[in-house]
Amino acid sequence: MTKEELRTRTAVTVAALLGLALKLLVPERVDATAVALLVLALIPWMSTILQRIDTVAGGVVLREVKKTQTGQQQELDRMKFLFEHLVPGEELRHLQALADGSPLPYDSGYTRPLLDAELRRLTGVGLIERRPGRTFAQMGEVGDVRQHFAITEAGRAYLEILNGYRAGGAPEDLP
């Protein structure tokens, strides 16, 4: 709070309290004017606690709620960043192909040297798994990755979460 704001708040409070004191010194009962002056004296200080009062909506928004929402949005933004960058583009393409059953051919020339590293990484983080009895050595020179690997439940959950973030919001149920 700046010095200017503090002076303004203090001036409004002092003026309202003086009016209230004068009103109460008169031997009459406390009426709506006295209550209004008391409320007026408190209003400048309520802004340190309250962000706004919505009389039409019937609610009060607290600063702490706003801070919590801001913190949660920052956390969601961090999570979105992590999900977006956890799996590089080619690995994501493999994961999506395994999820939807699309062919994922490979050959020993261009794709195979990089493919092994990508599949090992996806297997290492638990997003895909080798099919029973299959090894990298058994893949051969050419073939389809789907014959040797399958997506895991964690891989499907990852794609679901990632697609939820890309669609504009976080999915409601995280695995």
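Below, all heavy atoms of this structure are taken into account, side chains as well, without hydrogens, waters or symmetry copies.
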Spacing of [atom1] belonging to [X] relative to [atom2] belonging to [Y], to within rounding of 0.5 Å:
X      : Y     : atom1 : atom2 : result
Leu162 : Lys80 : CG    : NZ    : 9.5 Å
Arg156 : Leu95 : CZ    : CG    : 9.0 Å
Leu104 : Leu98 : CG    : CG    : 5.5 Å
Gln96  : Glu91 : CD    : CD    : 12.0 Å
Glu118 : Leu92 : CD    : CG    : 11.5 Å

Flag yes if Tyr158 and Leu76 sit in one hydrophobic cluster, no otherwise; membership is Ile, Leu, Val, Met, Phe, Trp, Tyr, and two members link when side-chain heavy atoms are under 4.5 Å apart.
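Tyr158 clusters together with Leu76.
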Say whether Val142 and Val145 are linked into one hydrophobic cluster, either directly or through other cluster members, by side-chain heavy-atom distances under 4.5 angstrom.
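Val142 does not cluster with Val145.
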For residues 122-133, tabulate all N or O donor-acceptor pairs below 3.5 Å that involve a side-chain atom, not counting sequence neighbours.
unit_1	atom_1	unit_2	atom_2	d
Thr123	OG1	Leu119	O	2.7
Arg131	NE	Arg146	O	2.8
Arg131	NH2	Arg146	O	3.4

Answer yes or no: is there a donor N or O on one side and an acceptor on the other, between the side chain of Tyr106 and the main chain of Met139, under 3.5 Å?
yes
With a 4.5 Å cut-off on side-chain heavy atoms, are Met79 and Ile161 touching?
no
Just checking Glu153: does its CD atom have more than 12 heavy atoms from other residues, nucleotides or ligands closer to it than 6.0 angstrom?
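At most 12 heavy atoms, drawn from other residues, nucleotides or ligands, come within 6.0 Å of this atom.
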Do you know which two heavy atoms are closest between Leu115 and His94, and how far apart they sit?
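That closest heavy-atom pairing would be CD1-NE2, 3.5 Å.
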Any idea which heavy atoms bring Ile151 and Ala99 closest together, and the distance?
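For Ile151 versus Ala99, the nearest heavy atoms are CD1-CB, 3.7 Å.
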According to the ring pair (Phe, Tyr, Trp, His ring centres under 6.0 Å) rule, which pairs have a member within residues 112-146, sequence neighbours left out?
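Qualifying pairs, neighbours excluded: Phe136-Phe149.
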